[in-house]
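Reviewing the structure listed below.
Quantities reported herein were computed from a predicted structural model and do not represent experimental measurements.
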Amino acid sequence: TRMIKSVSADNPSACKKAQEYDAFTVGAWAHNNIRTWGCRKLFTAAVRAIFGCEPNEISMLHFLSYVRSSQSFEILINIPNGNQESYFHGGAQQMSEKMAGIVTSFPNGKVNLNSPVKSVKQLDDDSLTVECEDGKVIRAKYAVIAMPQRMADKIKYTPPLPQERQHLL
C-alpha cells in the first residue's frame, strides 16, 4: 500500500523512487514478496487478465501508477463495483475487428498481422514508414500501436515521442 500511495497516477515519474521502481518488473517483485506459490499464481493470473501480458513484461512503476489510478488493487480486479464490472457485449476484440474492417475498406487499405515492428519514422509529408523485424518497410498515413507499454518502448520512434508520452513507457 505504501508503494502505491507513493506513485501518482497522473505523473508516475515524479515519484522519488521512480527510477528504482522502473528498474524492476512486477514479476520480480512478486517473486521476492509473495511467499506462497498459490498466492503468486493467483496474482500472476490477475496481472495477465488486466494487463494482457506477463508480470515480467511490466515495470513496477507502471503497475503502481495503474493501480493508483483505480485507488487499490482490489478495486482494479473486482467485478461488482470494480473496474472489471463493465464489458463489451461480444467482447472487446470487436473494436480492433471494426477498425480492421474500416481500414480494409479504404483503397489499398490493409492490416499487417504477425509483423513485429522495429521502428516508426514520421516523414515530412505527414506519412510514416514502419520497419518490421523481418526487414519489410510499410509506408502509411497512420499506424496503430496496440500493445503493452513495456513492449512499445522497444520500438524506435523518429522523431522521438513527446516527453509526456515517454515517461509512460
Side-chain angles (χ1 to χ4, degrees), residues 1-89 91-99 116-122 126 128 130-131 133 140-169:
T1 304
R2 275 183 277 145
M3 289 173 73
I4 294 168
K5 288 182 179 177
S6 73
V7 176
S8 163
D10 297 327
N11 188 7
S13 61
C15 171
K16 290 178 184 175
K17 294 187 174 185
Q19 286 187 322
E20 178 186 335
Y21 292 161
D22 207 32
F24 64 93
T25 67
V26 173
W29 177 87
H31 179 76
N32 293 327
N33 292 281
I34 301 176
R35 299 188 192 277
T36 66
W37 178 85
C39 286
R40 259 196 318 272
K41 196 85 166 155
L42 183 61
F43 180 77
T44 297
V47 170
R48 285 175 178 158
I50 292 164
F51 292 92
C53 61
E54 296 297 318
N56 63 359
E57 296 176 320
I58 306 169
S59 85
M60 195 64 184
L61 181 64
H62 173 68
F63 176 81
L64 293 171
S65 70
Y66 197 82
V67 172
R68 179 69 188 264
S69 72
S70 297
Q71 299 172 346
S72 74
F73 191 66
E74 184 179 358
I75 291 172
L76 182 62
I77 64 172
N78 274 348
I79 294 174
N81 301 316
N83 289 9
Q84 306 306 314
E85 184 174 48
S86 299
Y87 62 93
F88 292 91
H89 291 281
Q93 78 279 359
Q94 292 178 88
M95 292 173 58
S96 58
E97 290 169 351
K98 289 186 183 208
M99 286 175 60
V117 174
K118 182 177 170 183
S119 67
V120 176
K121 183 177 182 180
Q122 182 72 46
D126 286 333
L128 54 92
V130 176
E131 183 181 357
E133 288 180 359
K141 188 158 178 88
Y142 303 102
V144 177
I145 310 294
M147 61 179 53
Q149 291 177 345
R150 188 80 169 159
M151 294 171 71
D153 73 348
K154 295 177 183 172
I155 298 172
K156 180 182 178 195
Y157 299 93
T158 306
L161 294 174
Q163 193 66 27
E164 302 83 38
R165 177 70 171 119
Q166 286 183 24
H167 88 272
L168 296 174
L169 302 174

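- With sequence neighbours left out, Ala45 forms a side-chain contact (heavy atoms from CB on, under 4.5 Å) with no residue at all.
- Under the side-chain contact (heavy atoms from CB on, under 4.5 Å) criterion, Lys5 pairs with Thr1, Arg68, not counting sequence neighbours.
- Applying the side-chain hydrogen bond (donor to acceptor under 3.5 Å, both in side chains) test to every pair with at least one member in residues 30-53, sequence neighbours left out, gives these pairs: Arg48-Glu54.
- Taken from CG in Leu61 to NZ in Lys17, the straight-line distance is 12.5 Å, to the nearest 0.5 Å.
- Of the candidates Ser69, Ser59, Ser6, Ser65, Pro12 forms a side-chain contact (heavy atoms from CB on, under 4.5 Å) with just one, namely Ser65.
- Checked against ring pair (Phe, Tyr, Trp, His ring centres under 6.0 Å), Phe43 has the following partners two or more places apart in sequence or in another chain: Trp29, Phe63, Phe73.
- Nearest heavy atoms, Pro55 versus Thr25: O-CB, 3.7 Å.
- Counting heavy atoms from C-beta on, the side chains of Thr158 and Ser119 never come closer than 4.5 Å.
- Screening Lys121, Lys156, Lys118 for a salt bridge (Lys or Arg N to Asp or Glu O under 4.0 Å) with Glu131, the sole residue that qualifies is Lys118.
- Relative ring orientation between His62 and Tyr66 is described as tilted, the plane-to-plane angle lying within the 30° to 60° band.
- Shown here is Glu133, whose CD atom has more than 12 heavy atoms of other residues, nucleotides or ligands within 6.0 Å.
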